[in-house]
Amino acid sequence: MRLRLFLLVGFIAIAAVPVAVFALWPLTRPLENEVAQVADKHLLVARHVSHALTRYHRDAISVFEMVSGNLAADRSLPGSSRLLTNLHFRHICVLSLTNGSLIAAVTAKNESLPSGVPLAALRKLTKAAGINRTVMSPVSKDRQGRPAIYFARRLTGSRIAIGAIGTDYFLQLGKAVIFGKRGHAAIVDQTGTILAHPKPAWVAVQKNIAKIAPVKRMLGGDTGVMKFYSPALKADMIAGYTAVKGPGWGVMVPQPFQELEDRASAIRLQVRSVIMAGVVMAVLLALLFAARISRALAGVSSAARRMLAGDFHARARVPSFGTPRELRDLATVFNRMADALHRNHDDLERMVERRTRQLSNSERRLRSAKESAEQANEAKSAFLAQMSHELRTPLNAILGYSEFIAQEKLGPIGTDKYREYLKHIHDSGAHLRDVIGDILDASKLADEHMELCEEQVPLGSVIDACLIHVGPAAETAGVRLVTLHDGDLPEIWADRTRLIQIIDNVLSNAVKFTPAGGSIQIMAGQSRDDGAIVVKIRDTGVGIAAQYLDRIAEPFVQADNGHKNIREGTGLGVTIATALARVHGGDLVYASEPGVGTLVTLTLPAKRLAARAAA
């Protein structure tokens, strides 16, 4: 990709991506945002209307009780007519409970005195009202067919106070609430009958809408926001609703859901327009800056290519002042660097020639040292092999003659003391032979000259052979050997001798470091996880201290475990066993706790199973 195109794409991404991200952030949930605003605005307005109605109800009750009390006491109350008019009362009167006749009354401005109240309505109000307790009826029609809400309060002396208010205040509140094109407010009484609604016909017939879901919830005292179907507008609506504390009225502020969807679509269109304008501006600015920067960098790049081709006189053109200062500095510094390279070129060639001669001499010396080291290593291996042969030959003779004499081939041995000395000679020779073998094996493993004679070996027969080898020593030491495998062990590809050597070393150490009365457990089988061959040897011996556990496989390292009467060894047994396990592709892991015992785990990979190896 050319620099100009790269810069163009980069500038567009830098400029346009943030614009798109910030613009698309509200675009991802426009409808959800509109619905959330309903909870913020519609419900807030519904609550404000509810608070206004609560105050109106409280004021109306107070005025009714005050005026009716004065009427009952036959006291005049100046300004009562104006007070009733302000609160939309039509009249407050005191009636006889006996025949419903009018005893005293006060009316609002432009209202006439009622001739009385029908006895049936009077009995209904009387039944609901209590002595000095004001009750309020649902909306109904008065004698002129106008909607009215009645207040009732029983007085002493078989009298009752009746007050009637119109619904003008409710209509005014409802008309003051407008949302969008068809968003409105609806107010219902305690039975769900409409008090205020944008449909005048519903108000006139006092339509009951208690079955509508939000109205049903309002009458139950709930407050919230919900979506529902409006029979009035014949459309899905979303409304904030709340109940008016005290009278039990309800206030609902619904709005057609389609208006929210329309606003969300308009937001999407605006956002897309902003994105397109931002992208166009970003492309224009990117073209301008990319051209300026790419020309300056192209001059430096061209001069660098000519210098790479051997033209040390090539220089970059310094851009004009319309280019960023950093790019002008780049061309200037590049030219200075070219001058320095030109001056140092000849010196560098002379230095390279001199260093080449020095490196040639050093290389010859290193080659000679390497050859000497390889010869010394070969000499060491040959020495160890020769010494092993030279030492084993007389040792084999010593062991052979000692066994020959112990068998009394030439006649009886004189005394038991001679027999004891003869046993010491044989044991010392056998120990020395084992030490020589360990040293030779350690040398081969260190030089990676150890070769395996692999064959198909039954794992069970290897463990049995090892138990036979260490059995006498364990019996002499008073240590019990316990085999926990079921005998159905797999066949594996391995060097039988070296495999026995690994397990023998571990078992011999376990016997040496386990006190009389202890036990050694041998467990073998396959891992359930990866099918690897696992042999575990756990003893109840003295254990290994933590400071020796990490170094147990190092050559000539022996742990100071405090166990007395143990014949000292070379410290190569664990080293050789660990190395032989790794030569087989496995590992030998020690876990121990002083005073508790040691667990040694030999793991060989699953590929050494006879069936897998054959495949």
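Positions are given from 1, in the same order as the sequence printed here.
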task = Determine yes or no for a side-chain-to-main-chain donor-acceptor pair under 3.5 angstrom, with Thr603 supplying the side chain and Val534 the backbone.
result = no

query = Would Arg367 and Glu371 pass as an ion pair if we require N to O under 4.0 Å?
reply = no

request  = Return yes if a side-chain donor-acceptor contact under 3.5 Å exists between Thr332 and Arg336, otherwise no.
outcome  = no

message = Test your reading of the model: is there a side-chain donor-acceptor pair from Gln456 to the backbone of Trp493, 3.5 Å cut-off?
response = no

ask   = Tell me the side chain to side chain donor-acceptor pair (under 3.5 Å) pairs involving residues 469-482, sequence neighbours left out?
value = His469-Asp504

task = Tell me yes or no: between the side chains of Ser519 and Arg538, is some donor less than 3.5 Å from an acceptor?
result = no

request  = Give a yes or no on whether a salt bridge exists between Glu454 and Arg496, defined as a side-chain N under 4.0 angstrom from a carboxylate O.
outcome  = no

query = Can you find a side-chain donor-acceptor pair between Arg365 and Ser368 that sits under 3.5 Å?
reply = no

query = Who are the salt bridge (charged side-chain N to carboxylate O under 4.0 Å, His left out) partners of Glu455, not counting sequence neighbours?
reply = none

request  = Among Ile522, Leu507, Ile537, find the one that has a side chain to side chain contact (heavy atoms under 4.5 Å, CB included) with Ile463.
outcome  = Ile522

inquiry  = Please check this pair: side chain of Asp539 against backbone of Gly597, looking for a donor-acceptor N/O pair closer than 3.5 Å.
reply    = no

inquiry  = Taking CE in Met337 as the centre, count heavy atoms belonging to other residues, nucleotides or ligands within less than 6.0 Å. Is the count above 12?
reply    = yes

remark   = Scanning both residues in full, the closest heavy-atom pair of Ala606 with Gly531 reads CB-O, 3.4 Å

